[in-house]
Trainee: 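Quick one: the structure is below, questions incoming.
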Amino acid sequence: MTVSPSRWMKRTVLGLATVATLGAVGAANADTFSDYEKNIQAFAEQAQTGQALPRFSDKNTAALIRQLTDQKRVLDRIDFNNDLVSMRAMQGPCANANQLLLTYLSHGVNLSDSNSDRVMEGLNRNGQIYQDEVSAIQSFSLSCMSHVMPTMVRYFQNSSPAPEDMSEEQRTGIVLFRKSIVQSLSGTLTAIQDPSVKPANREMLLKSMLTAMPNIARVLPLDTRGQLKAAVDEAKTNIPVNQQHYIDKINRALTNAPCQKVCQIVITP
């Protein structure tokens, strides 16, 4: 039986806290989530009505997309030391960032089109049209992922059984979790190598990846880190020289992150 990642995540949340109440997350966190959810709803309503997607360049919609990608406004106000709050952030802002990214990239694209070349052409075209918005969302997503990683590490360190004792659902959850991380990092590496990406956007993505890497790498097994390091090394040759120092620092963070229990969990197909 295939297990959905959302079902696994719900069980993980239950493992972290037996009672999930608004009061448990604290007033400041509750206000932050409430504000973010209102903005997400406003974005969804605009996207569903066929209106133009919010743009930084549009004075009528710039505030909305800015609020949804403002790391200080959203992430810096969340108490990620509280595991329950951190998991709510994973299911809220972190998950929504991925959905926002897909919304921009797939705008006007028929993803079910059997012509894969036409689909890719549409996705790439939107990546260019919405470059500023997509870059800001990717940066926010990396930062959000980094913020919740310590909670996931604590969960696996303290509550997760040995790999051989894991249920199918737990094993599937770890595989999906790691896969989403690698896909996010791979997408960022692809973006920074695109010569049409504005220097400022590339700089933003490199900085976000560098800041996030120490936490993100902790949940990845060593062989996966090795594969990522090779991809990062390749990316270095395809970006301007004055930005290559970020790559060296990213690789050091990837290499130097400790490999404890969660990193040592090897899931074989």
Side-chain angles (χ1 to χ4, degrees), residues 36 39-75 89-90 92-111 113 116-147 179-213 216 228 231-232 235 238-240 243 246-247 250:
Y36 189 86
N39 289 327
I40 280 292
Q41 182 61 33
F43 181 96
E45 290 174 357
Q46 182 164 333
Q48 289 172 359
T49 56
Q51 300 180 53
L53 295 178
R55 306 293 306 274
F56 286 124
S57 58
D58 183 349
K59 65 179 182 180
N60 295 317
T61 60
L64 180 57
I65 185 61
R66 187 173 294 113
Q67 289 169 359
L68 287 171
T69 57
D70 188 335
Q71 297 177 31
K72 290 185 177 180
R73 177 187 176 91
V74 181
L75 302 181
M90 176 177 283
C94 293
N96 284 327
N98 292 330
Q99 187 58 47
L100 286 174
L101 186 63
L102 179 61
T103 299
Y104 277 98
L105 292 177
S106 64
H107 187 62
V109 178
N110 180 9
L111 297 179
D113 190 338
S116 59
D117 289 338
R118 186 160 52 214
V119 172
M120 287 305 302
E121 180 181 347
L123 295 175
N124 291 331
R125 181 175 60 250
N126 283 338
Q128 292 299 317
I129 294 173
Y130 301 112
Q131 181 187 143
D132 292 342
E133 292 75 24
V134 166
S135 296
I137 295 168
Q138 284 181 303
S139 177
F140 180 94
S141 179
L142 282 171
S143 183
C144 197
M145 194 184 305
S146 174
H147 276 77
K179 183 178 180 180
S180 69
I181 294 171
V182 172
Q183 287 176 336
S184 179
L185 294 174
S186 298
T188 304
L189 286 173
T190 298
I192 64 173
Q193 295 177 78
D194 187 337
S196 66
V197 170
K198 299 174 184 177
N201 285 335
R202 184 182 294 108
E203 185 99 357
M204 174 173 57
L205 291 171
L206 284 166
K207 286 182 177 179
S208 295
M209 194 171 187
L210 173 59
T211 301
M213 189 57 75
I216 290 177
L228 274 174
V232 172
N238 296 319
I239 66 174
Q243 293 179 322
Y246 287 109
I247 295 296
I250 288 170

Trainee: NZ/Lys179 to CD/Gln183 distance, rounded to the nearest 0.5 angstrom?
Mentor: 5.5 Å

Trainee: Can you find a pair of side-chain heavy atoms, one from Gln71 and one from Cys144, that are under 4.5 Å apart?
Mentor: no

Trainee: Decide yes or no on side chain to side chain contact (heavy atoms under 4.5 Å, CB included) for Thr103 and Phe43, but give the supporting numbers first.
Mentor: CA-CA 10 Å; Thr103 299; Phe43 181 96; 3.9 Å; yes

Trainee: Check whether any side-chain N or O of Arg73 sits under 3.5 Å from a backbone N or O of Gln67 as a donor-acceptor pair, and report yes or no.
Mentor: no

Trainee: Drop me the distance from Leu105's CG to Arg125's CZ, to the nearest 0.5 angstrom.
Mentor: 11.5 Å

Trainee: Answer whether the closest heavy-atom distance between the side chains of Ser139 and Thr69 falls below 4.5 Å.
Mentor: no

Trainee: Supply the atom-to-atom distance Ile250 CD1 to Ile216 CD1, rounded to the nearest 0.5 angstrom.
Mentor: 10.5 Å

Trainee: With heavy-atom distances below 4.5 Å as the criterion, would you say the side chains of Ile137 and Asn98 are in contact?
Mentor: no

Trainee: So, for Ser106 and Asn126, which heavy atoms are closest and what is the spacing to 0.1 Å?
Mentor: C-ND2, 3.8 Å

Trainee: Considering non-hydrogen atoms only, spot the tightest contact between Ser57 and Glu133 and give its length.
Mentor: N-OE2, 4.5 Å

Trainee: Stepwise, does the side chain to side chain contact (heavy atoms under 4.5 Å, CB included) test hold for Ile129 with His107?
Mentor: CA-CA 10 Å; Ile129 294 173; His107 187 62; over 6 Å; no

Trainee: If I take atom CZ from residue Arg66 and atom CZ from residue Arg55, how far apart are they, to the nearest 0.5 angstrom?
Mentor: 13.0 Å

Trainee: Does any non-hydrogen side-chain atom of Val74 lie less than 4.5 Å from one of Leu68?
Mentor: no

Trainee: If every non-hydrogen atom of Ser135 is compared with every non-hydrogen atom of Leu205, which pair is closest and at what distance?
Mentor: O-CD2, 3.6 Å

Trainee: Calculate, to the nearest 0.5 Å, the distance between atoms CG and OG belonging to Leu111 and Ser116 respectively.
Mentor: 12.5 Å

Trainee: Can Ser143 and Thr211 be said to form a side chain to side chain contact (heavy atoms under 4.5 Å, CB included), step by step?
Mentor: CA-CA 8 Å; Ser143 183; Thr211 301; over 6 Å; no

Trainee: Return the orientation label for the Tyr36 and Phe140 ring planes: parallel under 30°, perpendicular over 60°, tilted otherwise.
Mentor: parallel

Trainee: Does any part of the side chain of Gln193, heavy atoms only, come nearer than 4.5 Å to the side chain of Leu189, both counted from C-beta?
Mentor: yes

Trainee: Does a side chain donor of either Gln128 or Asp194 reach within less than 3.5 Å of an acceptor in the other side chain?
Mentor: yes

Trainee: Is any side-chain heavy atom of Asn124 closer than 4.5 Å to a side-chain heavy atom of Met120?
Mentor: yes

Trainee: For Ile192 versus Ala235, what's the shortest heavy-atom pair and its separation?
Mentor: CD1-CB, 4.3 Å

Trainee: What about the rings of Tyr104 and Phe56, do their centers lie closer together than 6.0 Å?
Mentor: no

Trainee: Taking the side chain as C-beta and beyond, is there a heavy-atom pair between Thr188 and Leu185 under 4.5 Å?
Mentor: no

Trainee: Look only at the side chain of Gln138 and the backbone of Ser208, and say whether a donor-acceptor pair between them is shorter than 3.5 Å.
Mentor: no

Trainee: Can you tell if the side chain of Leu142 reaches within under 4.5 Å of the side chain of Ser184, non-hydrogen atoms only?
Mentor: yes

Trainee: Taking Val197's backbone N and O only, do any of them form a donor-acceptor pair with Asn201's side chain (distance below 3.5 Å, no angle check)?
Mentor: no

Trainee: Should Asp70 and Leu75 be marked as a side chain to side chain contact (heavy atoms under 4.5 Å, CB included) after you check the CA-CA gap, both sets of side-chain angles, and the distance that decides it?
Mentor: CA-CA 8 Å; Asp70 188 335; Leu75 302 181; over 6 Å; no

Trainee: Provide the closest heavy-atom pair for Gln46 versus Leu53 in the form atom of the first, atom of the second, distance.
Mentor: NE2-C, 4.2 Å

Trainee: Between Lys198 and Asp132, is there a side-chain N and carboxylate O pair less than 4.0 Å apart?
Mentor: yes

